[in-house]
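To start, the structure itself, in structure tokens.
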Number of protein chains: 2
Amino acid sequence: MLDQAADTTDIHALMADLGARARAAARILATAPSAAKDAALRAMADAIEARSAGILAANAEDVARAEEAGMAASFIDRLRLDDKRLAGIAEALREVAALPDPVGAVTAEWTRPNGLRIARVRTPLGVIGVIYESRPNVTADAGALCLKAGNAVILRGGSDSAASSAAIGEALRAGLEAANLPADAIQIVPTRDRAAVGAMLRGLGGAIDVIVPRGGRSLVERVQGEARVPVFAHLEGLCHVYLDATADLAMAVEVATNAKMRRTGVCGAAETLLVDRRDASRLLPPVLDALSLRGCEVRGTDEVRALWPDARPATEADFDTEYLDAIISVALVDGVDGAIQHIERHSSHHTEAIVADDEAVAERFLSSIDSAILLHNASTQFADGGEFGFGGEIGIATGKMHARGPVGVEQLTSFNYRVRGTGQIRP
Amino acid sequence: MLDQAADTTDIHALMADLGARARAAARILATAPSAAKDAALRAMADAIEARSAGILAANAEDVARAEEAGMAASFIDRLRLDDKRLAGIAEALREVAALPDPVGAVTAEWTRPNGLRIARVRTPLGVIGVIYESRPNVTADAGALCLKAGNAVILRGGSDSAASSAAIGEALRAGLEAANLPADAIQIVPTRDRAAVGAMLRGLGGAIDVIVPRGGRSLVERVQGEARVPVFAHLEGLCHVYLDATADLAMAVEVATNAKMRRTGVCGAAETLLVDRRDASRLLPPVLDALSLRGCEVRGTDEVRALWPDARPATEADFDTEYLDAIISVALVDGVDGAIQHIERHSSHHTEAIVADDEAVAERFLSSIDSAILLHNASTQFADGGEFGFGGEIGIATGKMHARGPVGVEQLTSFNYRVRGTGQIRP
């Protein structure tokens, strides 16, 4: 267990101390050279490998406890580590080390008529709190992304993975120390007391700048409801695929099937299929045949069932449901404007796709819908920081403040203005 | 008075209705062409001019009430409109019309190895709530900047300027209608009931995306303390000027005097002067002579008083005080690192300046301090959206989320990702 757990029993004092340590570490990290941060990330990867026996032993404790408690096999699978998964964690740390450093990047630069040169420069956000469920790899992934952007991080994983997270956390802190960076830049909350989460959501007296929840809907709902600091999150991904009358049929089949069925449990999976009423008889049956053949249950409106009778009847609630399962709701709409209207009413503002050959129709879709990610002729399952080239993501945000869509290292930064003059004074 | 005040007495129903109207208007504005928004802004300017008699009559009511209530002369001066001030308001509207439209601007664009072309594009934030004190010009300025960025706005001015704000608001709404945009894109809260402010701070049931308070410390404190939606604001501007041993003396005198004395009541005014201990005997006396000659009271530490005996003794509290007056606190520090340490401890993270000939020293200052604006060899009084070339500002933010420093039209936007493919599916 981490040393900061030592002998305090007061959860609030413990959390306040964590916050103060994180803030102090963030001040040092803010001006740490890229080379030091990258050296730390590589040293973390080395430490994960060097300590693999200890980490696997800690993980075995967590797994045994979960089995005793009768947790579901899928839950235990996500919890379990092995040599291959540990190698993956180490590899991901080295990939983050290889990313460009976002801190110090000049995102805009201009000169005023009075000769003042103004630059907008990326700076770290400060201290990030991550609250996640029982996937031990998040400890390393989230810690690495926050560090890369010059932030300190306080990690609070699920109770079920506490031993695994603590062991991984010690490896990460060893990596920081090996690069002469403060170990407190990455801290694991050393208690299973749920009051620790409440304290984080209140911001630890100003010590936490932003909270990132990673987990299911109930976790995100609690965080969004209670947090008194900004939150980067999405509550759900109720993603739509719209097939325009100008869609290529083969592409429509491919994209719709991939968007729904590649993985049904991810937030970028499609939940609703909208088809242009003008050409539904051409598009609908082959697409629904393909989905059905892949094992997808189809729920359609009466119009849909007239064209494809195997569909079960869809209720209004179906169009507001994130199934995260092999089920899709289907409706006909009046062209792209009908699709936009349907999406405005039902979307979670995450990701929507259009399949269309008509560029003007596609541009109307892309420019009219208020969602984080809009795709033309591509699958919604590309909603992912890795697929965007961000080298990993700490999550996907559907809010419109600061971060939106996949949150990679760039969006874990703030900025300031640096103004260079030659003695200018304001008249 | 505005029609939505008509016959409702329930403040919550009234505010919920305002929020719903704003949200509906925001959806239309989000895709309104630049030409329509700019036409509306110019029509607003025309309407301000055409209705000047009515606006001045409404303002005369406000002024008479304020005089009866015995308000201070400075307060009444800020409240009072005349032909020249109205012409200034109309001119400012035309200047906002002439700015480039931030909405639709592509801020990044790249192609993935699989051929997907990804663009990050600016989009409106949605609905902005502005809560301000009794300067009627804010009604037009804030309304114009929000509209330019494609946002709807709900404006709640001080009770003392209610008649002026309502009359200006009607002119703005007439301008929107003249351009066939929804009048509800700009709404003035039609009640003096303070419960309306509380409702706005709670976000009107999700209808308000961000709150901008404009006014004194107590207003900003209330807003920051109670708001359940993001806030763009600064509580105070405790700005520092640091004179390095490598500073040019004449420049040091000019910059320090301008930073403190050009206008003492603005948030970018300097409150503390820090001088490099290594060369204080050269720098300090002429700078303090110049400040004193301009009528500034000097409060210094014992070291400062040893070099310049006219200084009054400074207490520790002086270095945490935003005077907004002709008073400056002065201390010696050990070079740029000493200055950075002092600023870390006392700054409000608004604006800090260094005067130095040594570029490396200046870069250390600019890259080490966590404030919104850092200047080298220039006055802190440049902390202003107009001086930055933003064509106006809705305020200055010291938070690190989303907006920081002067908040112009660009920072009143969000963004989304638009991905263009040729049928890509995710393997």
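For clarity, every value in this text was computed on a predicted model and none was experimentally measured. Throughout, protein chains are lettered first and strands after them, A, B, ... in sequence-line order, and every chain is numbered starting at 1. Only heavy atoms go into these numbers, but all of them, side chains included; no hydrogens, no water, no symmetry mates.
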(request) Determine the minimum heavy-atom distance between Tyr417(A) and Gln411(B), stating which atoms define it. (result) OH-NE2, 2.8 Å

(request) Name the member of Thr380(A), Thr413(A), Thr31(A), Leu375(A) that forms the most heavy-atom pairs with chain B at distances under 4.5 Å. (result) Leu375(A)

(message) Below 4.5 Å, heavy-atom pairs only: which of Arg228(B), His376(B), Gln381(B), Arg112(B) has the largest tally toward chain A?
(response) Arg112(B)

(request) Counting only heavy atoms closer than 4.5 Å, note whether Glu352(B) contacts chain A via side chain, backbone, both or neither. (result) neither

(message) Report which part of Pro113(B) has an atom under 4.5 Å of a heavy atom belonging to chain A: side chain, backbone, both, or neither.
(response) neither

(message) So which atom in Trp110(A) and which in Phe388(B) form the shortest heavy-atom distance, rounded to 0.1 Å?
(response) NE1-O, 3.0 Å

(request) Sort out for me which of Lys400(B), Arg117(B), Met251(B), Arg120(B) touches chain A most, counting heavy-atom pairs under 4.5 Å. (result) Lys400(B)

(message) Looking at Asn416(B) and Ser371(A), would you say the former's side chain and the latter's main chain have a donor-acceptor pair under 3.5 Å?
(response) yes

(message) Run the side chain to side chain contact (heavy atoms under 4.5 Å, CB included) test on Phe232(B) and Met401(A) for me, step by step, so that the C-alpha distance in whole Å, both residues' side-chain angles and the decisive distance to 0.1 Å come before the verdict.
(response) CA-CA 11 Å; Phe232(B) 294 161; Met401(A) 303 298 294; 3.4 Å; yes

(message) So which residue, Ala252(A), Ala30(A), Pro427(A), Gly399(A), ends up with the most heavy-atom pairs under 4.5 Å with chain B?
(response) Pro427(A)

(request) Under 4.5 Å, counting heavy-atom pairs only, tell me which of Asp248(A), Thr107(A), Leu125(A) racks up the most with chain B. (result) Leu125(A)

(message) Given heavy-atom pairs under 4.5 angstrom as the criterion, report whether the side chain, backbone, both or neither of Ala227(A) touches chain B.
(response) backbone

(request) Could you have a look at Gly405(A), Gly389(A), Pro406(A) and say which one has the most heavy-atom pairs with chain B under 4.5 angstrom? (result) Gly389(A)

(request) Name all residues meeting the side-chain contact (heavy atoms from CB on, under 4.5 Å) criterion together with Glu387(A); count only those two or more places apart in sequence or in a different chain, and write none if there are none. (result) Phe382(A), Asp384(A), Asn114(B), Arg426(B)

(request) Check step by step if side chain to side chain contact (heavy atoms under 4.5 Å, CB included) holds for Ile373(B) and Val419(A). (result) CA-CA 7 Å; Ile373(B) 303 172; Val419(A) 183; 4.2 Å; yes

(request) Can you tell which part of Arg27(A) gets under 4.5 Å to a heavy atom of chain B, answering side chain, backbone, both or neither? (result) side chain

(message) Quick check on the interface: out of Leu116(A), Ile354(A), Val103(A), Thr123(A), who has the most heavy-atom pairs with chain B under 4.5 Å?
(response) Leu116(A)

(message) Under 4.5 Å from any heavy atom of chain B, what part of Leu366(A) do you find: side chain, backbone, both or neither?
(response) both

(message) Between His402(A) and Ser414(B), is the side chain to side chain contact (heavy atoms under 4.5 Å, CB included) condition met? List the steps.
(response) CA-CA 7 Å; His402(A) 193 92; Ser414(B) 180; over 6 Å; no

(message) Less than 4.0 angstrom from a charged side-chain N to a carboxylate O is my criterion; do Arg420(A) and Glu359(B) meet it?
(response) no

(message) Please evaluate residues Arg262(A) and Ile425(B) with respect to the criterion side chain to side chain contact (heavy atoms under 4.5 Å, CB included), reporting the C-alpha separation (whole Å), side-chain torsions for both, the decisive distance (0.1 Å), and the verdict.
(response) CA-CA 9 Å; Arg262(A) 175 186 159 268; Ile425(B) 58 170; over 6 Å; no

